[in-house]
Amino acid sequence: MSYYVTTPIYYVNAQPHLGHAYTTIAADVLARHMRQRGEDVFFLTGTDEHGEPVALAAEAAGISPKELADRNAARFEALMPRIEATNDFFIRTSDPRHTEAVRELMVRIHEAGHIYKGEYEGLYCPRCADFKTAQEVGPGDTCPVHGIELTVEKEENWFFRLSAFQADLERLFDEQPDFVRPPERRNEALSFIRSGLRDISCSRSGLTWGVPVPWDESQVFYVWFDALLNYVTALRFAREGEDITSQYWPAAVQLIGKDILKFHAVYWPAILMAAGLDVPRSLIVHGYLLMDGEKMSKSLGNVLDPFEVMDRFGADALRFYLMREVQFGADGTVSTEGFETRYSTELANDFGNLASRTVAMVERWRDGKTPAVAHDPVIEAELSGVAAEVAALLDAVEPTNALEAIWKRIRRLNRYVEETAPWVLAKDEAESDRLDQVLATLIEGVRVVTVALHAFIPVSTGTLIAALGEDDLSWAAATWRPVGTGSKVGPLAPLFPKP
RNA sequence: GCCCCGGUAGCUCAGCGGUUAGAGCAACGGACUCAUAAUCCGGAGUGCGCCGGUUCGAAUCCGGCCCGGGGCACCA
């Protein structure tokens with residue numbers, strides 16, 4: 001079975017920040033891991049470019065919406081290699097191939113009878129020339145921008161018959177209890193569905209920066225329809241000259257933040273059903289990264305700057321920290337102090353130093369050649385299960401727990417060094433065989449955790465595997481081998497140098 | 001108002017019916033020197049938000065309450 005993983009597409013009106021990096025890194029860990037396992041992976045990310053905020057920002061800047069979108073989309077596209085994300089494609093919703101596909105799919109939904117003409121009634125600000133949502137409305141039904149009283153206005157829109165999918169959605173949640181995870185988010189979506197679904201308008205008039213409704217060119221589709229459909233439209237053109245939809249759809253995992261749950265857990269499956277397409281196999285919802293217990297915000301000046309972290313410590317360090325510090329799925333606190341502690345105690349001291357001391361000992365006492373002898377069964381017993389355990393945890397999209405499982409082994413290996421005290425063995429010729437065994441076992445242990453960690457910290461594990469005289473980073477290589485290979489190890493500079 | 005999460009060592013959290021409640025970090029004492037002044041060991045530190053119930057037995061189940069966060073439709 002193929003493994004298609006997606007991130008949300010990022011709205012170009014914002015600057016790339018830690019939250020974008022977080023979701024993308026999580027998706028990349030899954031994609032890399034599944035590739036290690038030899039799965040047929042497709043990893044998609046991209047930008048959402050239509051809608052009024054972009055149109056307004058472009059107008060303010062005196063450029064066209066397309067120019068603004070081009071400029072800002074480039075920033076997101078540049079983020080991907082920075083964080084070592086291995087996306088197979090980067091979709092932009094302003095891509096004509098996407099807009100054409102949206103039009104075709106929406107026609108299909110229309111012809112299936114799921115769209116009708118209706119009236120949207122809401123609070124309208126004549127000066128903004130726009131409707132306001134309940135959350136936007138100021139006290140006393142006033143405009144938050146202009147402070148003037150809003151009026152009730154009606155507009156003719158096309159409506160999507162969401163209500164018609166109530167039973168189908170309830171059945172989906174019932175038959176696939178894991179459709180939305182973690183369970184608290186599933187509960188939230190389900191209770192929303194059970195509270196009774198109303199039809200939603202799927203078009204807007206008076207806005208041109210969007211995908212025109214094919215049967216009514218005076219309107220454009222509501223951005224969410226345009227945006228959600230990216231997950232399927234991309235497969236039509238992501239690979240040059242080929243339509244890979246049937247190969248990869250339905251997606252294995254769609255990652256989202258909890259702020260966009262309703263759109264993905266309710267609207268999205270309904271839209272797919274209306275279009276006669278399968279729904280994704282799972283929707284994984286992560287929490288917010290908090291700083292000082294507050295949601296990140298620039299105005300609070302409490303932002304952990306991902307670019308600063310990467311400049312100083314590299315992409316691996318950021319990837320590790322985000323996957324390690326916050327239990328994936330829950331809200332969690334991040335901070336520069338927390339980052340520095342994890343970097344120093346875990347990456348540098350536990351793992352980096354284990355690699356250093358292991359390689360150094362083989363270089364010093366065995367001329368840099370891994371003894372080709374059988375490994376210590378005590379360590380084999382404690383390390384050989386790591387591959388299966390990590391694979392199972394990543395199948396369940398629990399990257400934080402997967403890292404903990406690996407770290408237990410790393411700590412075990414450091415303890416093994418103390419228990420066996422190779423520096424004592426090295427002084428006694430009679431202990432030469434035992435030293436061979438200990439060193440070979442350490443090399444093997446480091447090699448196994450290196451392969452297991454590769455999806456998380458691809459750069460440093462790539463360096464280390466080469467220093468161990470190996471090159472196989474496939475998942476099969478995460479299996480414990482019974483005998484040392486005689487590989488040439490070293491030299492190895494500190495993987496995670498301290499400032 | 002209704003619904004959903006969470007409230008466990010100084011800090012961050014795991015455990016979610018069963019031996020004397022755990023980990024990491026921080027802190028204190030000790031060991032060692034292969035290593036990125038790294039590592040390892042040890043003791044100390046809470047009896048699990050509060051009240052009540054079920055049970056041979058509850059942090060773990062049930063009820064109520066308190067505190068914190070979130071959802072209850074058209075924000076991209």
Side-chain angles (χ1 to χ4, degrees), chain A residues 8-14 48-54 56-57 93 120 122 131-136 157 159-160 162 182-202 204 222-227 258-263 266-267 287-288 290 293-295 324-327 329-335 337-338 341-342 344-365 400-401 404 407-408 411 413-426 435 438-439 442 492-499:
Chain A
I9 47 175
Y10 305 121
Y11 199 56
V12 286
N13 225 26
D48 177 14
E49 308 188 2
H50 289 133
E52 191 159 15
V54 169
L56 290 175
T93 57
Y120 177 79
F131 287 93
K132 298 294 168 190
T133 64
Q135 288 166 19
E136 290 176 314
N157 280 158
F159 276 72
F160 173 63
L162 181 65
E184 57 267 33
R185 305 266 86 104
R186 172 186 184 270
N187 292 344
E188 211 171 289
L190 187 54
S191 73
F192 177 83
I193 293 166
R194 285 185 175 146
S195 73
L197 295 176
R198 301 207 295 263
D199 294 342
I200 51 175
S201 73
C202 62
R204 292 286 183 275
Y222 174 42
V223 283
W224 266 109
F225 283 78
D226 167 11
K258 66 180 188 178
D259 52 326
I260 51 178
L261 175 69
K262 183 174 63 196
F263 302 99
V266 183
Y267 297 2
Y288 287 142
L290 308 171
E294 310 250 353
K295 198 178 167 184
R324 175 72 168 145
E325 181 82 319
V326 178
Q327 182 62 37
D331 287 356
T333 306
V334 295
S335 66
E337 299 74 39
T341 299
R342 291 275 184 197
S344 172
T345 61
E346 299 193 336
L347 280 180
N349 297 353
D350 291 344
F351 180 54
N353 184 237
L354 171 66
S356 290
R357 68 198 308 205
T358 298
V359 167
M361 287 189 283
V362 173
E363 287 182 309
R364 180 154 160 180
W365 296 314
T400 312
N401 295 337
E404 176 57 25
W407 238 258
K408 282 197 173 108
R411 292 193 200 101
L413 289 169
N414 272 319
R415 214 179 321 132
Y416 182 64
V417 176
E418 302 303 320
E419 286 169 4
T420 56
W423 49 90
V424 175
L425 300 176
L435 182 59
V438 167
L439 295 180
L442 281 169
L492 178 66
L495 292 168
F496 305 100
K498 293 187 191 173

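Below, chains carry the letters A, B, ... as their sequence lines are ordered, and counting in each starts from 1.
Of all nucleotides listed (B:A26, B:C41, B:C72), B:A26 comes nearest to the side chain of A:Thr345. Side-chain proximity of A:Tyr222 to B:C72, B:G70, B:C74: nearest is B:C74. For A:Arg204, the listed nucleotide lying nearest its side chain is B:C74; candidates were B:C5, B:A73, B:C74.
Atom name P, nucleotides B:C28 and B:U55: the rounded distance is 49 Å, in whole Å. Rounded to whole Å, the C1' atom of B:C25 lies 38 Å from the corresponding atom of B:G63. A gap of 35 Å separates the C1' atoms of B:G7 and B:C40, to the nearest Å. Taking the C1' atom of each, B:C3 and B:A73 are spaced 16 Å apart, rounded to whole Å. Comparing the C1' positions of B:A23 and B:C48 gives an interatomic distance of 15 Å, to the nearest angstrom. When the P atom is used for both B:U33 and B:G45, the distance is 32 Å, rounded to whole Å. Remark: the separation of the C1' atoms in B:A44 and B:G22 is 16 Å, to the nearest Å. Rounded to whole Å, the separation between the C1' atoms of B:G15 and B:C72 comes to 32 Å.
Nucleotide B:G6 holds its P atom 7 Å from the CD atom of A:Glu184, rounded to whole Å. Computed from coordinates, the A:Lys258 NZ to B:G6 P distance equals 13 Å when rounded to whole Å. Spacing between atom CZ of A:Phe263 and atom C1' of B:A73 amounts to 8 Å, rounded to whole angstrom units. For the pair A:Glu404 CD and B:A23 P, the interatomic distance rounds to 12 Å; values are reported in whole Å. Taking atom NZ of residue A:Lys408 and atom P of nucleotide B:A14, one finds them 13 Å apart after rounding to whole Å. The CH2-C1' distance, from A:Trp407 to B:U12, rounds to 17 Å in whole Å. As rounded to whole Å, 16 Å separates atom P of B:G70 from atom NZ of A:Lys262. Straight-line distance from the CZ atom of A:Arg185 to the P atom of B:G70: 10 Å, rounded to whole Å.
Across all strands shown, A:Arg411 has heavy atoms under 4.0 Å from sugar-phosphate atoms exclusively, and none from any base. Within the nucleic acid shown, A:Asp350 comes within 4.0 Å of sugar-phosphate atoms alone, with no base atom in reach, counting heavy atoms only. Among the protein residues, A:Asn187 comes within range of the sugar-phosphate backbone only, with heavy atoms under 4.0 Å from sugar or phosphate atoms but none that close to a base. Among the atoms of the strands shown, base atoms are found under 4.0 Å from some heavy atom of A:Leu162.
Taken from CH2 in A:Trp365 to CG in A:Leu435, the straight-line distance is 6.5 Å, to the nearest 0.5 Å. Between the CD atom of A:Glu325 and the OG1 atom of A:Thr341 there is a distance of 8.0 Å, given to the nearest 0.5 Å. Distance check: A:Asn353 CG to A:Asn414 CG gives 6.5 Å after rounding to the nearest 0.5 Å. A distance of 12.0 Å separates CD1 of A:Ile193 from NZ of A:Lys262, quoted to the nearest 0.5 Å.
In terms of position along RNA chain B, the nucleotide closest to A:Glu325 lies nearer the 5' end than the nucleotide closest to the other residue of the pair A:Glu346 and A:Glu325. For the pair A:Pro53 and A:Asp331, nearest-nucleotide mapping onto RNA chain B gives the more 5' position to A:Asp331.
A side-chain contact (heavy atoms from CB on, under 4.5 Å) with A:Ile200 is found for one member of A:Trp224, A:Phe159, A:Phe225 and no other, namely A:Phe225.
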Report the C-alpha distance between A:Glu346 and A:Trp407 in whole Å, list the side-chain angles of each, state the deciding distance to 0.1 Å, and finish with yes or no for side-chain contact (heavy atoms from CB on, under 4.5 Å).
CA-CA 8 Å; A:Glu346 299 193 336; A:Trp407 238 258; 3.7 Å; yes

side-chain contact (heavy atoms from CB on, under 4.5 Å) between A:Met361 and A:Leu439, intermediate numbers included:
CA-CA 8 Å; A:Met361 287 189 283; A:Leu439 295 180; 3.8 Å; yes

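Among all heavy-atom pairs drawn from A:Gly287 and A:Lys258, the shortest one is CA-CD, 4.4 Å.
Electrostatic pairing of A:Arg411 and A:Glu404 counts as a salt bridge here, judged by a charged N lying under 4.0 Å from a carboxylate O. Between A:Arg415 and A:Glu418 no salt bridge is recorded (no basic side-chain N to carboxylate O distance below 4.0 Å).
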Quick one: what's the B/S/- string for nucleotides 27-36 of chain B, heavy-atom cutoff under 4.0 Å, read 5' to 3'?
-----SSBBB

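Nucleotide B:U46 is matched to nothing when pairs are restricted to Watson-Crick or G-U wobble geometry with both distances under 3.5 angstrom. Under the Watson-Crick and G-U wobble criteria, each requiring two contacts below 3.5 Å, nucleotide B:A58 is left unpaired. For B:U33, there is no paired nucleotide, since no Watson-Crick or G-U wobble pair has both relevant distances below 3.5 Å. When both pairing distances are held under 3.5 Å, B:G6 makes a Watson-Crick or G-U pair with B:C67. In this structure, B:A23 and B:U12 make a Watson-Crick or G-U wobble pair, each of the two defining distances being under 3.5 angstrom.
B:G47 takes the syn form, because its glycosidic angle lies no more than 90° either side of 0.
Residue side chain A:Ser201 reaches the base of B:C74 through a donor-acceptor N/O pair under 3.5 Å, judged by distance alone.
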